[in-house]
Protein chains: 2
Amino acid sequence: MLMSHYIDIMKKAGVKFTRPRKLVLDALQAAKQPLSIKEIHKRVRNKADLASVYRTVNLFQDLGIVREVQFGEGYQRYELIGEGQHHHYVLCIECGKLEDIDICLLDRVEKMTNFKILSHSMEFQGLCHSCAG
Amino acid sequence: MLMSHYIDIMKKAGVKFTRPRKLVLDALQAAKQPLSIKEIHKRVRNKADLASVYRTVNLFQDLGIVREVQFGEGYQRYELIGEGQHHHYVLCIECGKLEDIDICLLDRVEKMTNFKILSHSMEFQGLCHSCAG
DNA sequence: TTCTAATTGCAAATGGTTTGCATTGCTTGT
DNA sequence: ACAAGCAATGCAAACCATTTGCAATTAGAA
């Protein structure tokens, strides 16, 4: 996704495109993996305050730029939302390997439950082929 | 699930079946819904300390009596594991209604990824039919 | 019943996240 | 280019969920 796309979203929302916000975007774009706040902050260290990283990520969530990924690690992870679609993951708790799963149940669940689904999480944890021995 | 079943698990694991542990089991059994620690503690108030609730729930997780449910609310919820199978949920963020979804992807994901899946979370948040208007 | 290790309660510590506030810095109008 | 006004930042303190240390209590085996 081009930076201009995100600048656009912020402009439309009437918020400023500031240095910390650019830094967080850069970090997430470079990572290509869901990052924790700590990890984002590390990648941005000395250029943006931890509190600003939190504020920025929360803003990005509201703007639909970023989504939360839950691994039950005691904190959240965040990833950029690409062109509409999103990912789900399997995490190897041994070596930390993260793999995509190409499944999404949104439509099916909306039909089954008659809910308007606004967000969902679906992540798996286990042992990858090599770590399972 | 009968109480004796849980007593058995604890006996086999070599841990004691204490009053706080019984209270937490009772609370979870009565609720029939994933409860937060706070909710468990409220249902047990004056009979077990908050720290003991935490310790008990963690123990139950290790023993496979309880599993975590993630709604990204900033804290965890816990539910008893029934006879082997487990549930997934849709939460209405407006009125708090919680509905079961009868889908589980464990097998499919294990095959797709070649991981040995040890745990997973899959929960949906949105608006139920009446709240969506 | 007695004894001992496991468990509890309480209070203090921890760690992730949020907030208050003074300062900084865009941005728009002049 | 300049000033005014408002948004956003940095820093420190506050907050809230969860964990931990330790002395007192208790389950349950002998």
Side-chain angles (χ1 to χ4, degrees), chain A residues 3 6-28 34-63 65-78 121, chain B residues 3-4 6-28 34-63 65-79 121:
Chain A
M3 188 56 70
Y6 300 114
I7 298 181
D8 249 40
I9 294 181
M10 294 191 221
K11 184 166 292 176
K12 283 200 184 90
V15 301
K16 295 178 181 168
F17 180 65
T18 60
R19 201 185 51 138
R21 289 175 186 169
K22 177 169 187 336
L23 288 167
V24 170
L25 277 178
D26 288 343
L28 287 170
L35 297 180
S36 67
I37 296 285
K38 235 193 212 162
E39 289 169 339
I40 298 174
H41 185 222
K42 190 179 295 172
R43 285 163 163 72
V44 148
R45 192 82 71 181
N46 297 325
K47 305 222 192 72
D49 188 69
L50 182 61
S52 296
V53 175
Y54 274 105
R55 283 190 277 232
T56 298
V57 168
N58 287 342
L59 173 70
F60 285 180
Q61 251 194 112
D62 293 344
L63 298 181
I65 291 175
V66 135
R67 84 170 195 102
E68 247 177 40
V69 182
Q70 316 239 357
F71 281 115
E73 299 165 293
Y75 49 81
Q76 308 289 139
R77 293 178 170 274
Y78 301 89
S121 72
Chain B
M3 187 57 70
S4 62
Y6 300 115
I7 298 181
D8 249 39
I9 294 182
M10 294 192 222
K11 183 165 293 179
K12 282 199 184 90
V15 301
K16 294 176 180 169
F17 181 64
T18 60
R19 201 185 52 139
R21 289 175 185 167
K22 176 169 188 337
L23 288 167
V24 170
L25 275 178
D26 287 343
L28 287 169
L35 297 180
S36 66
I37 296 285
K38 236 193 211 161
E39 288 168 339
I40 298 173
H41 185 222
K42 190 178 292 170
R43 285 164 164 72
V44 148
R45 192 81 70 184
N46 298 326
K47 305 221 193 73
D49 188 69
L50 182 60
S52 295
V53 176
Y54 274 105
R55 282 189 278 232
T56 298
V57 168
N58 286 343
L59 173 70
F60 284 1
Q61 251 195 110
D62 293 344
L63 298 182
I65 291 174
V66 135
R67 86 170 194 102
E68 245 176 41
V69 182
Q70 317 240 357
F71 282 114
E73 299 165 293
Y75 48 82
Q76 306 290 139
R77 292 179 169 275
Y78 300 88
E79 68 176 355
S121 72

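Throughout, protein chains are lettered first and strands after them, A, B, ... in sequence-line order, and every chain is numbered starting at 1.
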Exercise. C:dA6 P sits how many Å from B:M10 CE, rounded?
Worked result: 17 Å
For this session: Check B:H41 against B:L50 and note the closest heavy-atom contact, atom names and distance.
Result: NE2-N, 3.5 Å
Problem set entry | Any side-chain heavy-atom pair of B:Y78 and B:R67 under 4.5 Å | no
Exercise. How long is the line joining CG of B:D8 and P of D:dG28, in whole Å?
Worked result: 13 Å
Exercise. What is the distance from CD1 of A:I40 to C1' of C:dT17, rounded to the nearest Å?
Worked result: 13 Å
For this session: With rounding to the nearest 0.5 Å, note down the distance linking OH in A:Y6 to NZ in A:K22.
Result: 12.5 Å
Problem set entry | Rounded distance in Å - CZ (B:F17) to C1' (C:dA6) | 16 Å
Distances for protein N/O vs nucleotides 2-7 of chain D N/O pairs under 3.5 angstrom?
{"from": "D:dA7", "atom 1": "O4'", "to": "A:K16", "atom 2": "NZ", "distance (Å)": "3.4"}

Exercise. Taking only N and O in the side chain of B:N58, is any of them less than 4.0 Å away from OP1 or OP2 of D:dT19?
Worked result: yes
Exercise. Partners of A:E73 by salt bridge (Lys or Arg N to Asp or Glu O under 4.0 Å), sequence neighbours excluded?
Worked result: A:R77
Exercise. How many angstroms lie between atom CG of B:D26 and atom CG of B:L23, to the nearest 0.5 angstrom?
Worked result: 6.5 Å
Problem set entry | d(CZ, B:F60; P, C:dT7) in whole Å | 11 Å
Exercise. When the distance from CZ of B:R77 to P of D:dT18 is rounded to whole Å, what number comes out?
Worked result: 11 Å
Using nucleotides 9-16 of chain C, report all nitrogen or oxygen pairs with the protein that are shorter than 3.5 Å.
{"from": "C:dG9", "atom 1": "OP1", "to": "B:K47", "atom 2": "O", "distance (Å)": "3.4"}
{"from": "C:dG9", "atom 1": "OP2", "to": "B:D49", "atom 2": "N", "distance (Å)": "2.9"}
{"from": "C:dG9", "atom 1": "OP2", "to": "B:S52", "atom 2": "OG", "distance (Å)": "2.6"}
{"from": "C:dG9", "atom 1": "N7", "to": "B:R55", "atom 2": "NH2", "distance (Å)": "2.8"}
{"from": "C:dG9", "atom 1": "O6", "to": "B:R55", "atom 2": "NH2", "distance (Å)": "3.2"}
{"from": "C:dG16", "atom 1": "OP1", "to": "A:K38", "atom 2": "NZ", "distance (Å)": "3.1"}

For this session: Please name all residues satisfying side chain to side chain contact (heavy atoms under 4.5 Å, CB included) with A:R43, sequence neighbours left out, ordered by chain then number.
Result: A:A27, A:A31, A:L35, A:E39
For this session: Could you pull out the closest heavy-atom pair between B:V24 and B:V44, with the gap in Å?
Result: N-CG2, 4.4 Å
For this session: Starting from P on C:dT18, measure out to CG on A:L59 and report it in whole angstrom.
Result: 13 Å
Determine all donor-acceptor pairs shorter than 3.5 Å in which one atom belongs to a side chain in residues 11-20 of chain B; sequence neighbours excluded.
{"from": "B:R19", "atom 1": "NH2", "to": "B:K47", "atom 2": "O", "distance (Å)": "2.9"}

Seminar exercise, completed: When B:T56, B:N58, B:D62, B:V57 are each screened for side chain to side chain contact (heavy atoms under 4.5 Å, CB included) with B:F60, the one that passes is B:T56
For this session: Using five base pairs at each end, measure the axis-to-axis angle across the helix from C:dT1-D:dA30 to C:dT30-D:dA1 and round it to 10 degrees.
Result: 30°
Seminar exercise, completed: Rounding to 0.5 Å, atoms CD (A:Q70) and OG (B:S121) come to a distance of 6.5 Å
Seminar exercise, completed: So OG of B:S52 and CG of B:L59: to nearest 0.5 Å the spacing works out to 11.5 Å
Seminar exercise, completed: Rounded to whole Å, NZ of A:K11 lies from C1' of C:dT28 at a distance of 14 Å
